[in-house]
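Labels below follow one simple rule: chain letters A, B, ... track the order of the sequence lines, proteins then strands, and each chain is numbered from 1. Computed over heavy atoms, backbone and side chain alike; hydrogens, waters and symmetry mates excluded.
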Protein chains: 2
Amino acid sequence: MAGDGKSSVFGDQAGSAELLWGGRERPSRGPKPALSLDRITRTAIALADIGGLGAVSMQRVAGELDFTKMSLYRYVPGKTELVALMIDTAMGEPPAVRADAAGHAPDGWRAALREWAGQLSAVFARHPWLLGATVGPRVMGPNELGWTERAVAALAGTGLTGGEQLDAVLVVSGHLRAIGQVSASMGVGSARASEPEQVMSAALNELLVGRSDRFPALAAAVASVEADAAARGQALEFGLERILDGLESYLSARTAGS
Amino acid sequence: MAGDGKSSVFGDQAGSAELLWGGRERPSRGPKPALSLDRITRTAIALADIGGLGAVSMQRVAGELDFTKMSLYRYVPGKTELVALMIDTAMGEPPAVRADAAGHAPDGWRAALREWAGQLSAVFARHPWLLGATVGPRVMGPNELGWTERAVAALAGTGLTGGEQLDAVLVVSGHLRAIGQVSASMGVGSARASEPEQVMSAALNELLVGRSDRFPALAAAVASVEADAAARGQALEFGLERILDGLESYLSARTAGS
DNA sequence: ACAGAACAGTGTCCGTCGGATACGGTTTTT
DNA sequence: AAAAACCGTATCCGACGGACACTGTTCTGT
């Protein structure tokens, strides 16, 4: 395993890597394929957008295309690889970022990163299953890598080291994922909510009834949210701005010190 | 669905809520149960710790206990509820936090939150499947709620509004989850790594070979990490401190302004 | 032109999964 | 002692991911 010729950090996931990055030229012999990788992937994404990742099965995808289940395996080695393709396709090409001659964002790293976060957040909102699909080790595709590139590029001119740039991007994307998590809970149950805090506090509130003695701080916080309507709907922005604040103060402390 | 008598944000998850929070008194008639909810849950956790959530199936858990698969359904309504129990049990009781008479942490909110993060991070390291199990809407159990209570309590005396407290806790826990994600990738593939950045840059490096023109900023950042050994192993702390910095600067700006 | 190689899609089979149902044995209440 | 309640088991089901053998189609080398 670790001693074979083609050593790679990808391990058993070479199939995904090849499919995501490889050219896949058509063989010149045999009948023309009636399906295409792209069509399969997009059909699977459409199913996932409606019913979640659980609604995506080989037979359902094939059925949607009026084909047999096994025909899909001519295009995709297995479901794992299909999901990998779904992820990268659903991410889409990262939006182009404005940059000056030096490759830096004209409005500064903070605005660039903020815009990047908003766009990525919109992707998560459009494809909620992405949050569940991107847990655990996997191979990044070109689009996903492109998104990361954009974020790192926004931080490139700031004086942050390479490792710090990666770490910072991880913090921001982690926050977006966290927000996406609770946003994905929206519309579940009887209390229709439209904002993350509402979901959180609605769910928490029900649990906390009659138990505020066990969870006093939490009960107080939830009660405060329920009372103060103006405090709602800011979870994404609040967290993001706090992270950006933290980066900014770190940067100014660093430039002042050195 | 939304109009039935017992309206609840839990929707179809009443079973989990009852199992997690309800007393579950033994019925007085019939033979004594040979199993216990706790034994089943702990067996399932042990399986998940070794082979991930995918290694947990009803028959495997039952087999481990030398029982039939269906016997488990006397204790648990379904697998969803079993996983909910696994989550809350694996989280464990939140560690007690030192507090003074007013309920505030003696070393300040920053130290308290930092310690909380370290402890929660250790839980995620011990049970990596928790990251994958806690995606999507679900009912929080008493332990999970207890962890949240501790974090909110640490922020209770800071001047943050209730909603901001919840948001801040969400940011920190989101960061821990993000770190846990890439830490869970460790040991996959041939490159044995022990720190998040190493995993990230090792996986990224392999993809970036010969493609640095398409991803210049990323390639530069990764190269910098590979070169600078001292920059490694700080992902958790770096991100956490940045978040705490951001909260601190927000707090000082607020108290200065009002 | 023609044979054979390389390919595409199908039909059938297997093991595993979560779960429903029906049943016999056990313990307590009346 | 009878009846009710409960425990664990056996059997069955549909859906899942996937292996394999097979027929039909298309291109290539002679």
Give the residues of residues 64-78 of chain B touching DNA chain D, defined as any heavy atom closer than 4.0 Å, sorted by residue number. B:F67, B:T68, B:M70, B:S71, B:R74, B:Y75
Within less than 4.0 Å of OP1 or OP2 of C:dC17, is there a side-chain N or O belonging to B:Q59? yes
Tell me: CG of B:L82 to C1' of C:dG18, nearest whole Å? 12 Å
Gap between atoms NZ and C1', on A:K79 and C:dT16 respectively (whole Å): 14 Å
Going by the rule side-chain contact (heavy atoms from CB on, under 4.5 Å), which residues pair with A:P128 if we only count those two or more places apart in sequence or in a different chain? none
Under 3.5 Å donor-acceptor pairs involving side-chain atoms of residues 168-178 of chain A, not counting sequence neighbours:
from   : atom 1 : to     : atom 2 : distance (Å)
A:S173 : OG     : A:V169 : O      : 3.1
A:S173 : OG     : A:L170 : O      : 3.3
A:H175 : NE2    : A:L236 : O      : 3.1
A:H175 : NE2    : A:L240 : N      : 3.4
A:R177 : NH1    : A:T134 : OG1    : 2.7
A:R177 : NH2    : A:L131 : O      : 3.1
A:R177 : NH2    : A:T134 : OG1    : 3.1

Would you tabulate the side-chain donor-acceptor contacts of residues 62-76 of chain B under 3.5 Å, counting partners in other chains and residues two or more places apart, or write 'none'?
from  : atom 1 : to    : atom 2 : distance (Å)
B:S71 : OG     : B:T68 : O      : 2.6
B:Y75 : OH     : B:L35 : N      : 3.0
B:Y75 : OH     : B:L35 : O      : 3.4

Within 6.0 Å of CD in A:Q119, more than 12 heavy atoms from elsewhere: yes
Members of residues 38-56 of chain A that approach DNA chain C, where some heavy atom sits under 4.0 Å away: none
Hey, could you give me the CG/CG distance between A:L145 and B:L204, rounded to the nearest 0.5 Å? 6.0 Å
Under 4.0 Å from a heavy atom of chain B: give me the 5'-most and 3'-most nucleotides of DNA chain D that qualify. D:dA4 to D:dT11
Between the main-chain N or O of A:T148 and the side-chain N or O of A:W116, is there a donor-acceptor pair closer than 3.5 Å? no
A:E149 meets the salt bridge (charged side-chain N to carboxylate O under 4.0 Å, His left out) criterion, sequence neighbours left out, with none
Short heteroatom pairs, N/O only, protein and nucleotides 28-30 of chain C, under 3.5 Å:
from   : atom 1 : to    : atom 2 : distance (Å)
C:dT28 : O3'    : B:S28 : O      : 3.4

For B:Q165 and A:A221 the tightest heavy-atom approach is OE1-CB, 3.8 Å
B:R42: side-chain contact (heavy atoms from CB on, under 4.5 Å) partners, not counting sequence neighbours: B:D38, B:T89
With nearest nucleotides of DNA chain C determined for B:P31 and B:R60 from heavy-atom distances, which residue corresponds to the more 5′ nucleotide? B:R60
All side-chain contact (heavy atoms from CB on, under 4.5 Å) counterparts of A:P31, not counting sequence neighbours: none
Cut-off 3.5 Å, no hydrogens considered: what does the side-chain donor-acceptor table look like for residues 45-61 of chain B, sequence neighbours left out?
from  : atom 1 : to     : atom 2 : distance (Å)
B:D49 : OD1    : B:H127 : ND1    : 2.7
B:D49 : OD1    : B:W129 : NE1    : 2.7
B:D49 : OD2    : B:H127 : ND1    : 3.2
B:S57 : OG     : B:R60  : N      : 3.2
B:R60 : NE     : B:A55  : O      : 3.1

Would the distance check show the side chain of B:R150 and the main-chain N or O of B:A96 forming a donor-acceptor pair, the cut-off being under 3.5 Å? no
Residue list, salt bridge (charged side-chain N to carboxylate O under 4.0 Å, His left out) with B:R39, at least two apart or on another chain: none
